[in-house]
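This one's a predicted model, so the numbers in the text were calculated from it and none came from an experiment. Note that the numbering runs from 1 along the sequence shown for the chain.
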Amino acid sequence: MQPIKIIKTVKEMTAWSNEIRSKNKTIGFVPTMGFFHEGHLSLMQEAKKKTDFVVVSVFVNPLQFGTGEDFDAYPTNIEKDLALAQNEGVNIFFNPNKSELYFKGFQTTVSLSDLPNHLCGLSRPTHFKGVTTVVTKLFNIVKPHIAVFGEKDYQQLAIIRQMVLDLNFDIEIIGHPTIREHDGLAMSSRNTNLSPLNRQSASCLSNALLKSEELIKKGEKNSKKIIENAKKFIHSYDGANVDYIIVCDPVTLEDIIEIKTKVLMAMAVKFDNTRLIDNRILIP
């Protein structure tokens, strides 16, 4: 196994990608904010299957954190991330600092008109503009043939796909299934910020989705009833505070009132200052 190469600058990263492309080799890309868990590693494994070389970026993007959010508390462990990426056979560990991406005088952002106005965008109005801006920059720097994103961040995946379509990026976007803990909790770097009591309660998200699926399979078609049932269930757990629970169209993310075909059920729940998300496709 070749040792992983650490790249810190945009210039070096772009030069490496240009060289690989000149040899007609393919690049797979996994953009992350670091603090790797099994979910991140599964994205790397998927990229490795499909391409000749794999680039993983680690950059905690300040543009996607709003006022009062957990930017300063976001967990990091670069040494551990590097070792895990090396173990997965990743070729490039791209770890730029803030000034490399957001230099003095930086003033351009990328935003979508519709998809960000649902789900997480309702309570985090600037979040997705930060995501699409940094992902656009990373795509232009790394120049991948494919990029792999987790389905846990369903709205983010939908937005990236739409952006790639709209802006004619020649990149294939691959969504990878959510990786879960033994009790069903979707793996997230933020899980480490949960207190022991909140960690016990956090399984309520995945359990609420499963209970909602059971209701639909039994014939319930009223999304309001399903949402209210899920909200009541989640609030029965200590420390859980629902940000949103929505049943929507899996493509447009528009709310669905009567369930006639497959829908997306998505939710965000706060435990003190830690906000967790989860989702599931439900089929009647």
(request) Applying side-chain contact (heavy atoms from CB on, under 4.5 Å) between Val269 and each of Thr274, Leu205, Leu276, Ile277, report the one that passes. (result) Leu205

(request) Look at the rings of His40 and Phe36 and say which category their plane angle falls in: under 30° parallel, 30 to 60° tilted, over 60° perpendicular. (result) tilted

(request) Anything under 30° is parallel, anything over 60° is perpendicular, the rest tilted; go ahead and classify Tyr102 against Phe59. (result) tilted

(request) Taking only Lys NZ, Arg NE, NH1 and NH2, and the carboxylate oxygens of Asp or Glu, determine whether Lys232 and Glu228 approach each other closer than 4.0 Å. (result) no

(message) Tell me whether Lys137 is salt-bridged to Glu100, with the criterion being a basic N under 4.0 Å from an acidic carboxylate O.
(response) no

(message) I'd like to know if the side chain of Asn61 pairs up with that of Gln64 as donor and acceptor (distance under 3.5 Å, no hydrogens or angles considered).
(response) yes

(request) Kindly work out whether a path of hydrophobic side-chain contacts (I/L/V/M/F/W/Y, heavy atoms less than 4.5 Å apart) joins Ile20 to Leu138. (result) yes

(request) Identify, with sequence neighbours excluded, every residue that meets side chain to side chain contact (heavy atoms under 4.5 Å, CB included) alongside Leu122. (result) Ile246

(message) Between Ile259 and Ile226, is there a side-chain heavy-atom distance shorter than 4.5 Å?
(response) yes

(message) Using side-chain heavy atoms (C-beta onward) and a distance below 4.5 Å, is Ser17 in contact with Met13?
(response) yes

(message) Is it the case that atom CG in Asp255 sees more than 12 heavy atoms from other parts of the structure closer than 6.0 Å?
(response) yes

(request) With Glu69 as reference, evaluate Arg275, His127, Arg124 under the side-chain hydrogen bond (donor to acceptor under 3.5 Å, both in side chains) test and give the passing residue. (result) Arg124

(request) Tell me whether the centres of the aromatic rings in Tyr74 and Phe71 are closer together than 6.0 Å. (result) no

